[in-house]
Amino acid sequence: MDRIENLLEDYVKNAFKDIYSADFNDNISAYIQKTRKEFEGDLTINIFNFLKYSKETPDITANKIGGYLTENSNGVIGKFNVIKGFLNLTISNNYWEDYINDFVQNSINKSDNNNNNKKNKVVIEFSSPNTNKPLHLGHIRNNLLGDSVAKILEKAGNEVVKVNLVNDRGIHICKSMLAWKLWGNGETPITSALKGDFLVGKYYIKFDSEYKKQIKELQDQGMDIETAKKEASLIKEAQNMLKKWEEGDNDVRKLWEMMNSWVYEGFNKTYNSLGIEFDNIYKESETYLKGKELVELGLKQNKFYKRDDGAIAVDLSADGLDEKVLLRSDGTSVYITQDLGTAVARHNEYNPDQMIYVVGNEQDYHFQILKLILNKKLEFSWAEYIYHLSYGMVELPEGKMKSREGTVVDADDLIEEMIQTAKQKTLELGKTEGFTEEEAEKLYKQIGLSALKYYILKVDPKKKILFNPAESIDFNGNTGPFIQYTYARINSLLGKGRAAYSYLNDENTSSNVKWNNKVIITEENSSNINKERELIKLVYDYPKILQEAAKEHSPALIANFVYELAKTFNQFYHEFPILKAEENIRNSRLTISISVGHLIKECMGMLGIDVPAKM
RNA sequence: GGCCCCGUAGUUCAAUGGAUAGAACGGAAGUUUCCUAAACUUUAAAUACAGGUUCGAUUCCUGUCGGGGCUACCA
């Protein structure tokens, strides 16, 4: 069905031509907005921008255009009013009714095959954990964001490849290895009854505290702090271990493999409970050599240079940046070395239209450099398509989380806590009557994770999140459980209304059942308080919201939308009888409910959130 | 020091340069013989400060104050 914005494109053009003999060549949709609730109308044209065509006052122009549109829009525009240069258009009920009927007939029961239009291929990297510590709340944001953006892009018609690049080597990994070797007494996840990633993390922290002690001792002996950091025997040992690792030393490699396997086991449990999956998991240990090769090649081509101390570096001063070391003087690689290599490898493997990296904004500088080196120094024009999805840090009331200092909100703990809280609240409300034990446990998990995921994803990715553990996460108001509850309500209505036509259950949506009810908007009054209209308008907004969310890489837009939808439905539910209305009205309202329920499920799905049939 | 980001109700979040700055939690007051009260209704409460651009600024520019990040042969 034609969208109003597209129709208006022509209508307005015609209006200016017929009334003012003016050649209208603005993009009208940029000046159309939703009419604010306190005014009558559905869409508003900001007429101020068009005075150059009319050469008349805003009020006169708006009135003339408004009058023309009501006469020449095939009945789409029912009436209009003008307030202070804003032309408020009321779209006819007919249009809305046709739209929602069309939506139910053609969108809901259709399987997701948006084939004919060519798809962009997007590779999105997220999670990218280090194998020296367990995942914490910051990683949760990263994982949820990456997973959700991937789903949004897919829904918006792109082909998406989710990849995880595990940072399983490097000096930081050697630190926990060394600490375990020195102080671990052979401890394993089994002997200690600790989850593998926690056990390794314990030694990462141990290293840091012992290292700090050494630095302090050296300082007490009169050494300055910078020298002390370099001279401490622990860091030297770790560096030596890294060198041995890169040389393939058997003992070091064996220790490394053992400890990493502990961590992977732990990570998999966490990914599982979050419902996160990848198409491809890369290990830095298997890709970092590509980076080294690339740097060597660049050196030969004089794009990089060797410093007197032996380190290989690149000069970025032409772009207002500093020199950047790409390979240490002992030949080992640094962080950016492997990122350069994997970017090239990934491009060669997938040849994507876009490469997205979901990484915190503390690494803005890193990605600026990465792109610059690839694009300008190595002359890979495709590097233009690298997009750093730079999200804000998750902070605690006392500041940033630091793994080394142990001031983190642990991912596993938080997830478990949310599930327990969900259980407690659900039992208080007596919502699990008639549930089997298994069903109830599933529900607690759905609700607890929903609260957590929605809480994280509703915030604009670019902004930092302040997480206060003491106040914890809500289950009422603008929350995941509220939206789930709305869905369950709708599901219950449909079950009672038309048990045979359970449109919202997966098993049944694929069937060829046709819903033949026509939606009728009741109560033709001042229209902008009619919840039926409001809901249909929200359903109408959805495709634009989805495109916008994909363009902005922002799950928050989906979250805000689905909340608005759920809230409006609850008002509708409260004010309008549905099952008790006379038959054609009842069926009409059930049809609206079907549409809303369908969209709630679809949106929540993009946020990685399950919706329960009953709660 | 240099570079970058951010300051919106008590708190956590909204608002392509547009109309009287929206929600939620918390506060105050209501709604269950009525389709699930994890709901609904009413109410008090905010753009850090000072300039500038504009018909119009929370949004753009400058400065001040406050917070955070980056500036490694850490990742």
Side-chain angles (χ1 to χ4, degrees), chain A residues 30-31 33 35-39 44 46 48-49 51 58 83-86 88 128 130 132 167 170-173 175 229-230 235 239 284 307 309-313 320-322 324-336 338-339 360-366 368 390 392-393 395 399-400 404 422 425-426 428-429 431 447 451 455 458-460 462-468 471 473-486 488-493 495-497 548 556 559-560 563-564 566-567 570-571 573-581 586 589-590 593 614-615:
Chain A
Y31 300 106
Q33 52 195 280
T35 304
R36 295 182 61 119
K37 285 226 169 84
E38 59 267 33
F39 301 102
T44 295
N46 190 337
F48 236 108
N49 303 289
L51 300 183
I83 300 168
K84 295 203 285 191
F86 293 90
N88 299 320
S128 316
N130 299 340
N132 63 348
N167 186 237
I171 187 75
H172 53 300
I173 309 295
K175 286 177 183 175
K229 278 183 181 170
K230 284 177 193 155
I235 195 72
Q239 280 162 350
E284 191 188 312
R307 299 198 314 202
D309 59 10
I312 297 174
L321 301 173
D322 290 330
K324 178 74 189 169
V325 168
L326 301 178
L327 223 46
R328 294 191 186 100
S329 49
D330 67 0
T332 61
S333 65
V334 292
Y335 181 44
I336 200 160
Q338 65 90 21
D339 257 357
N361 64 10
E362 61 189 352
Q363 291 188 35
D364 286 353
Y365 185 63
H366 172 79
Q368 197 187 346
S390 163
M393 299 286 99
E395 289 175 16
K400 206 183 158 185
R404 269 175 308 190
K425 298 206 180 212
T426 306
E428 271 170 25
L429 293 168
K431 294 280 189 180
I447 296 175
Y455 179 87
K458 76 171 179 177
V459 181
D460 181 342
K462 291 198 264 305
K463 298 197 174 174
K464 69 175 182 200
I465 288 182
L466 196 116
F467 180 78
N468 188 339
E471 290 176 11
I473 297 174
D474 258 304
F475 285 69
N476 296 326
N478 186 357
T479 65
F482 167 82
I483 298 163
Q484 289 179 312
Y485 172 73
T486 310
R489 258 187 167 174
I490 292 171
N491 201 50
S492 162
L493 272 179
K496 287 178 181 162
E548 186 72 8
N560 290 343
Y563 170 65
E564 181 72 24
K567 196 170 74 135
N570 276 319
Q571 293 164 345
Y573 179 90
H574 197 260
E575 290 170 32
F576 291 68
I578 297 169
L579 296 178
K580 285 176 195 153
R586 185 181 75 145
R589 289 179 181 165
L590 280 172
S593 304
K614 202 177 154 206
M615 70 182 270

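So that the names make sense, note that chain A is the first sequence line, chain B the second, and so on, each numbered from 1.
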Would you say [X] places a side-chain N or O within less than 4.0 Å of OP1 or OP2 belonging to [N]?
{"X": "A:R589", "N": "B:C35", "answer": "no"}
{"X": "A:R586", "N": "B:C35", "answer": "no"}
{"X": "A:K567", "N": "B:C40", "answer": "no"}
{"X": "A:Q571", "N": "B:U41", "answer": "yes"}
{"X": "A:K463", "N": "B:C6", "answer": "no"}

Of A:E395 and A:Y31, whose nearest nucleotide on RNA chain B comes first from the 5' end?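 The residue closer to the strand's 5' end, by nearest nucleotide, is A:Y31.
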Quick one: are [X] and [Y] in side-chain contact, heavy atoms under 4.5 Å?
{"X": "A:V325", "Y": "A:I312", "value": "no"}
{"X": "A:I336", "Y": "A:H366", "value": "yes"}
{"X": "A:I235", "Y": "A:K229", "value": "no"}

Taking atom [atom2] of [N] as reference, at what distance in whole Å does atom [atom1] of [X] sit?
{"X": "A:N478", "N": "B:A23", "atom1": "CG", "atom2": "P", "value": "12 Å"}
{"X": "A:Y573", "N": "B:U32", "atom1": "OH", "atom2": "C1'", "value": "12 Å"}
{"X": "A:Y365", "N": "B:G68", "atom1": "OH", "atom2": "C1'", "value": "19 Å"}
{"X": "A:Y455", "N": "B:U11", "atom1": "OH", "atom2": "C1'", "value": "10 Å"}
{"X": "A:N361", "N": "B:G67", "atom1": "CG", "atom2": "P", "value": "18 Å"}
{"X": "A:K580", "N": "B:C34", "atom1": "NZ", "atom2": "C1'", "value": "4 Å"}
{"X": "A:I171", "N": "B:C73", "atom1": "CD1", "atom2": "P", "value": "14 Å"}
{"X": "A:E471", "N": "B:A24", "atom1": "CD", "atom2": "P", "value": "18 Å"}

Between the base of [N] and the side chain of [X], is there any donor-acceptor pair under 3.5 Å?
{"X": "A:N88", "N": "B:A19", "result": "yes"}
{"X": "A:T426", "N": "B:A38", "result": "yes"}
{"X": "A:T44", "N": "B:A19", "result": "yes"}

Partners passing side chain to side chain contact (heavy atoms under 4.5 Å, CB included) against A:D460 (at least two apart in sequence or in another chain):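 Partners of A:D460 by the side chain to side chain contact (heavy atoms under 4.5 Å, CB included) criterion, ordered by chain and then number, come out as A:K462, A:K463.
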Which nucleotide wins on minimum distance to the side chain of [X], given the candidates [options]?
{"X": "A:K425", "options": "B:U16, B:A38, B:C35", "value": "B:A38"}
{"X": "A:E38", "options": "B:C40, B:A19, B:C13", "value": "B:A19"}
{"X": "A:N46", "options": "B:A38, B:C13, B:G18", "value": "B:G18"}

Using 30° and 60° as the class limits, which term best fits the ring planes of A:F467 and A:Y455: parallel, tilted or perpendicular?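 Answer is perpendicular, since the angle exceeds 60°.
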Name the orientation of the base relative to the sugar in B:U32: syn if the glycosidic angle is within 90° of 0, else anti.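 It is syn.
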Got a sec, which residues hit ring pair (Phe, Tyr, Trp, His ring centres under 6.0 Å) with A:Y31, two or more places apart in sequence or on another chain?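 Scan of A:Y31 (ring pair (Phe, Tyr, Trp, His ring centres under 6.0 Å), adjacent residues dropped) gives A:F50.
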Could you provide the dot-bracket string of RNA chain B, using ( ) for intrastrand pairs, [ ] for crossing pairs and | for bases paired to another strand, with Watson-Crick or G-U pairs below 3.5 Å? (((((((..((((....[...)))).(((((.......)))))....(((((..]....))))))))))))....
Counting only N and O atoms by type, is there a donor-acceptor contact under 3.5 Å from the side chain of A:T426 to the main-chain atoms of A:A422?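 Checked: pair present.
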Hey, is the main chain of A:P577 close enough, under 3.5 Å, to the side chain of A:R589 for a donor-acceptor pair?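 Between the backbone of A:P577 and the side chain of A:R589 there is a qualifying donor-acceptor contact (under 3.5 Å).
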Would you check if A:F39 stacks with the base of B:A19, given a 5.5 Å centroid limit and a 30° plane limit, both strict?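 Yes; centroid distance and tilt both under limits.
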